[in-house]
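Working notes, structure below.
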Amino acid sequence: VRDLASGRERHIWVPAASASQVAWRSDGAELVITVRFSQQHSDADASGYVVVPADADGPQPRTTVRHAPDRGCVMETAVFATGGIQLVEGCPNGTTAPARLVQLVDSGPRVAWRASTGLCPNGMTLASDPQGTLLTSTSKCGGAGGPVDVVQAWTGQHAREIRRYVNPAQFVADAT
């Protein structure tokens, strides 16, 4: 994290994990970092998220990593949203459709609601603002036929499709 005013940099990490997405809370007080572990020896090594103060620096204990709230599911990505954290989970894994959008109460683990996205959890991106959540992913998790990239806008548990991209030269890589 770099403070643009002072130029000071801080490094935040979880040992043996890599960060796949970072999102700020709207007031700038905290970060939610989606982490993945290269080696998985137990459920504690499943992908998850860490909530840290914005002024954190250094390694974060592995015990602070939170996982998918549903047993038998994996967490793909997490962002701050109105009312708490929203995350995407795949059940039983990241390549089995459909992914679920899950609204946690505050930072979890209590769940406010769940909704099926109808999309593949693998490679999904998630961005949230006060008006709702943007979600992007493909419509297929492998198999016959080419995937179709889809952008959805979520307001609470309800989705509205924004666009489908079917040209193999086009793909959606992020949502902001």
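This structure is a prediction, so every number in the text was calculated from the model and none was measured.
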Could R10 and D55 be called an ion pair, given the rule that one side-chain N must be under 4.0 Å from one carboxylate O?
no

Whether R100 and E76 form a salt bridge (side-chain N of Lys/Arg under 4.0 Å from carboxylate O of Asp/Glu) is what I want to check.
no

Salt bridge (Lys or Arg N to Asp or Glu O under 4.0 Å) evaluation trace for D70 with R114:
CA-CA 10 Å; D70 297 312; R114 295 172 180 84; 2.4 Å; yes

I'd like to know if [Y] and [X] are part of one continuous hydrophobic network [Ile/Leu/Val/Met/Phe/Trp/Tyr, side-chain heavy atoms within less than 4.5 Å].
X: V14; Y: V1; answer: yes
X: V88; Y: W113; answer: yes
X: V22; Y: V79; answer: no

L135 and side-chain contact (heavy atoms from CB on, under 4.5 Å): which single residue from T117, V150, I162 fits?
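Testing each of T117, V150, I162 against L135, the sole residue satisfying side-chain contact (heavy atoms from CB on, under 4.5 Å) is T117.
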
What residue among V50, T77, L126 forms side-chain contact (heavy atoms from CB on, under 4.5 Å) with T34?
T77

Check whether the side chains of T125 and T136 place a donor and an acceptor atom closer than 3.5 Å, and report yes or no.
yes

Would you say the side chains of Q152 and E161 form a donor-acceptor pair under 3.5 Å?
no

Closest non-hydrogen atom pair between [X] and [Y], with its separation:
X: E89; Y: A68; answer: OE1-CB, 3.5 Å
X: W24; Y: A54; answer: CZ3-CB, 3.6 Å
X: I33; Y: A19; answer: CG2-CB, 3.7 Å
X: P121; Y: G94; answer: CG-O, 3.2 Å
X: W154; Y: A115; answer: CZ3-CB, 3.6 Å

I want to check something: taking the side chain as every heavy atom from C-beta on, are P59 and P15 in contact at a cut-off of under 4.5 Å?
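They are in contact (side-chain heavy atoms under 4.5 Å apart), so the answer is yes.
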
Could you check whether any side-chain heavy atom of L101 comes within less than 4.5 Å of a side-chain heavy atom of Q157, counting everything from C-beta outward?
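SC-SC contact between L101 and Q157 ruled out.
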
What's the spacing between [X] [atom1] and [Y] [atom2] if we round to 0.5 Å?
X: H11; Y: W13; atom1: NE2; atom2: CH2; result: 8.0 Å
X: S18; Y: R36; atom1: OG; atom2: CZ; result: 7.5 Å
X: S107; Y: R66; atom1: OG; atom2: CZ; result: 5.0 Å

Under a 3.5 Å distance rule, please check whether [X] uses its side chain to pair with a backbone N or O of [Y] as donor and acceptor.
X: T138; Y: C120; answer: no
X: Q60; Y: G58; answer: yes
X: D3; Y: R8; answer: no
X: D106; Y: G108; answer: no
X: H67; Y: V74; answer: no
X: R62; Y: A17; answer: no

Apart from F80 itself, members of its ILVMFWY cluster (side-chain separation under 4.5 Å) are V32, Y49, V51, M75, I85, L87, V102, L104, V111

